[in-house]
Structure formats: C-alpha cells, structure tokens
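What follows is a short report on a single structure.
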Amino acid sequence: MKVIKEKSLGVLICIAVAGLSTLLAGFNIGSFSFEVIGAPVFAILIGMLITAIFKNFAGSKKMKAGITFTSKKILQWAVIILGFTLNIKTVLSVGGKSLPVIIATIAVSLAMAAILCKLLKVDKKVSILVGVGSSICGGSAIAATAPVIDADDEEIAQSISVIFLFNVIAALIFPALGNAIGLTNDGFALFAGTAVNDTSSVTAAASAWDSMMSTNGMVLAQATTVKLTRTLAIIPITLTLAFIRTKNAKKEGTEGAKVSLNKIFPWFILYFVIASLITTVVALLPSGTFTDLYNDYFVRGAKWLAKFFIAMAMCAIGLNTNIVNLIKKGGKPIAMGFCCWVAIAAVSLVMQHVLGYW
C-alpha cells in the first residue's frame, strides 16, 4: 500500500494530461486535424510546460516515484499492448510486397543516423532514437528502444520532438507531392507507409490522398498495413541493440562487473511478440462470437490503450525535461532528423521505380 501511495499522485497527473492530450488530438480546425500531431506530442509538450512553470514539479517527493514509474514501466506496458494489435500473418501476407522497400528505407535511415552522429557530434543515444524513430514507427519505436539503450528522459524528448516535426510536414505535403510526381494509388500507399514516421501521420496522409482521389479508403488500408509491417522491425532492432550494449558494457566494465544479456535483454519485447502471436492465432480460428468480440472490441481497445499509455509516458518524460536545454541542444538532432527523413522518402520512391511499382 505504501508503494502505491507513493506512486499514485504522479501517475494520476500523467493520466489527467494523457486524457487532455487525447481530447486535443481529436479536434479539427477546418480541414486540419490535430490527429496529425497526436496525443503523445501534446502530452510531452504539456509536461514540459508544467515543469517550466512549476520548478522542480517532477522532482518533488509526492510526484517523483509515480512520474518515474510512468516514464519507465508504463512505457514498456504500452509496447506490450501494442503487440495485440498486430496480426503477423496478415501483415506479412499483405505487406510482403513492401518488404524490399521497408528494408531499404530502414537500412538507409540507420546508416544516415550513424554517419551524422559522428559528423555532427550528436549524442549517440539521441542518434539511435532518431534513426529508429524515423525508419520504423516514430514514437512507438522510440518507446521500445529507449529502455534497451537506457536513454534518459531528455534524450527521449529530443528524439520525439524531431520525429513530431517531420511527421507533421510529411502529412501535410506528401499527398500533394505524390500527386505532382504521378504516383498511383498503390504507389502512394507504399510511399506513405514507408516514408512517414508515425502511424497517426501515415493515416492522416493516406486519408488526405483518399479524399483527393475519391478512393473510398483503399489507400488508407494499404498504407496502414505497410506501416504495421514496418512495426515488426522493432523486434530485430531492439534485440540487436541489447546485444551490442551487453558487448560494449563488458568491454568498458570494471573488473568483476557482472554484465549479461539476461540483465539488459528487453523482456517486454518478448511479451510484445507473444501478444502478437496470440492475435495471430485467434485470427486463424473459425469465425464466431469469440473471434468477433476479440477483433472488434479487444484489439480495438488494445490499440486505444497502447496510445493512451504512450501519451502517459510522454507526459512523464516531458515533466522530467528542461525545455530550455531541449531547445539549446535541438539544432543538430533536427538536422539529423531532416537528413534521415529526406533519405527515407527518396529511397522509397527510387526502390518503387527500380522494382517497377511506379
């Protein structure tokens, strides 16, 4: 009971901000939908604003334990729950055509981040987070990777801010760009699914294209499937990073230090895989009341809860972030994010052309 009492106030604050952020993300101004920005970005901004106004808010005795718990454990729970939204069989069968493009864009983004990390002298952990966030699935990839590389809240906040910036730009300009260069409906679905970072922005860009071309949601469905296929890359990337971190820790550790993959292994990623397998198995069962309820209610609820938990975690991260320091250090990560974003978009289009998709 004492542990719950210590954490309750900080967790409740994060719940309240996540709720407000979810409401804000549902608003529209004219043709512009705030869903492009997304609840996690609103949450991290509100968290940073609270800390800027009320000094040492997150560090106070009443708040610290709950905020720390939310930024670490709730973030991992969000990734696990996200697994229930993935039917691996469907994603691989429908998204298989996009695999060469996905692999190429991920490889280019990670290579670009690694090169610019040295050239621009960007913090290594920020570089990794920007690289995986740009190439895989934005905030969800950052949420999965951050605990594996032991990134602190300020590093996560920097990375999320960079991803957010280019998410919004992509959602706004990619439909017009795709139309200008003559992409087909299938071509734009693949372009949006591989070249836009976050799921919310992928859906925003694809929905805009559907409205422009009167395709009755076809492109949205295809782009979302491509995006979900990209999400599976979380698994090999995080496991590889865990292995590298273990290897480096052993090299740099003091004599007698006990460093093992077992301690650093991202167990929540294993649970993410198990959750995905459960949804995949249920989808193979004969159609009936159970499968209908599972797909219509449980999976939909899991998708909402995962987003809400990520918004909670982003609020906690924002509360632990000094916005002044974030702005001061933001130039180089933004430059890195821009280069990764441009490279991914270019490679996506080039690969489509080479493979004869466009």
Side-chain angles (χ1 to χ4, degrees), residues 25-41 82 85-87 90-102 104-106 109 133-141 163-233 299-300 303-304 306-307 310 341-342 344-353 355 357-358:
F27 282 124
N28 298 320
I29 297 179
S31 60
F32 180 78
S33 172
F34 281 1
E35 188 181 0
V36 174
I37 298 173
V41 173
L82 189 65
T85 70
L86 290 174
N87 179 337
T90 301
V91 167
L92 291 180
S93 61
V94 179
K97 180 181 176 182
S98 63
L99 278 176
V101 183
I102 290 171
T105 52
I106 289 174
S109 178
S134 298
S135 61
I136 302 175
C137 55
S140 299
I163 296 302
F164 151 70
L165 174 62
F166 297 109
N167 275 344
V168 173
I169 295 173
L172 293 175
I173 71 169
F174 275 14
L177 174 63
N179 187 39
I181 62 178
L183 285 178
T184 62
N185 291 329
D186 290 344
F188 186 79
L190 185 52
F191 180 51
T194 53
V196 183
N197 302 333
D198 204 71
T199 303
S200 60
S201 296
V202 170
T203 57
S207 296
W209 180 273
D210 280 330
S211 298
M212 285 169 52
M213 303 299 175
S214 301
T215 53
N216 198 30
M218 180 188 75
V219 170
L220 173 60
Q222 290 179 352
T224 303
T225 301
V226 173
K227 183 67 180 61
L228 292 176
T229 308
R230 278 173 71 192
T231 302
L232 293 177
V299 172
R300 189 179 300 174
K303 188 179 294 184
W304 183 90
K307 288 182 179 179
I310 289 175
W341 179 62
V342 171
I344 288 170
V347 169
S348 177
L349 292 173
V350 169
M351 284 294 294
Q352 284 196 56
H353 185 69
L355 294 170
Y357 298 162
W358 167 52

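Source: prediction; values computed, not measured.
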Hey, could you give me the [atom1]/[atom2] distance between [X] and [Y], rounded to the nearest 0.5 Å?
X      : Y      : atom1 : atom2 : result
Lys307 : Leu82  : NZ    : CG    : 9.5 Å
Thr231 : Leu86  : OG1   : CG    : 6.0 Å
Ser201 : Phe166 : OG    : CZ    : 12.5 Å

Do side-chain atoms of [X] reach the backbone of [Y] as a donor and acceptor pair under 3.5 angstrom?
X      : Y      : answer
Ser207 : Ala204 : no
Asp210 : Leu220 : yes
Arg230 : Ser135 : yes

Where do [X] and [Y] come nearest, in terms of heavy atoms and distance?
X      : Y      : result
Lys227 : Ile136 : NZ-O, 3.5 Å
Trp341 : Ile169 : CH2-CG2, 3.4 Å
Ala39  : Ala25  : N-CB, 3.7 Å
Gly133 : Asn197 : O-CB, 3.8 Å
Ser140 : Ile310 : OG-CD1, 3.9 Å
Ile344 : Ser134 : CD1-O, 3.2 Å

I'd like to check [X] versus [Y] (side-chain heavy atoms, cut-off strictly below 4.5 Å). Are they in contact?
X      : Y      : answer
Phe188 : Asn179 : no
Asn185 : Trp209 : yes
Thr194 : Val347 : no
Ile181 : Leu349 : yes

>> Which residue in the set Leu355, Thr225, Thr105, Val226 passes side-chain contact (heavy atoms from CB on, under 4.5 Å) when paired with Ser98?
In response: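 Among Leu355, Thr225, Thr105, Val226, the one meeting side-chain contact (heavy atoms from CB on, under 4.5 Å) with Ser98 is Val226.
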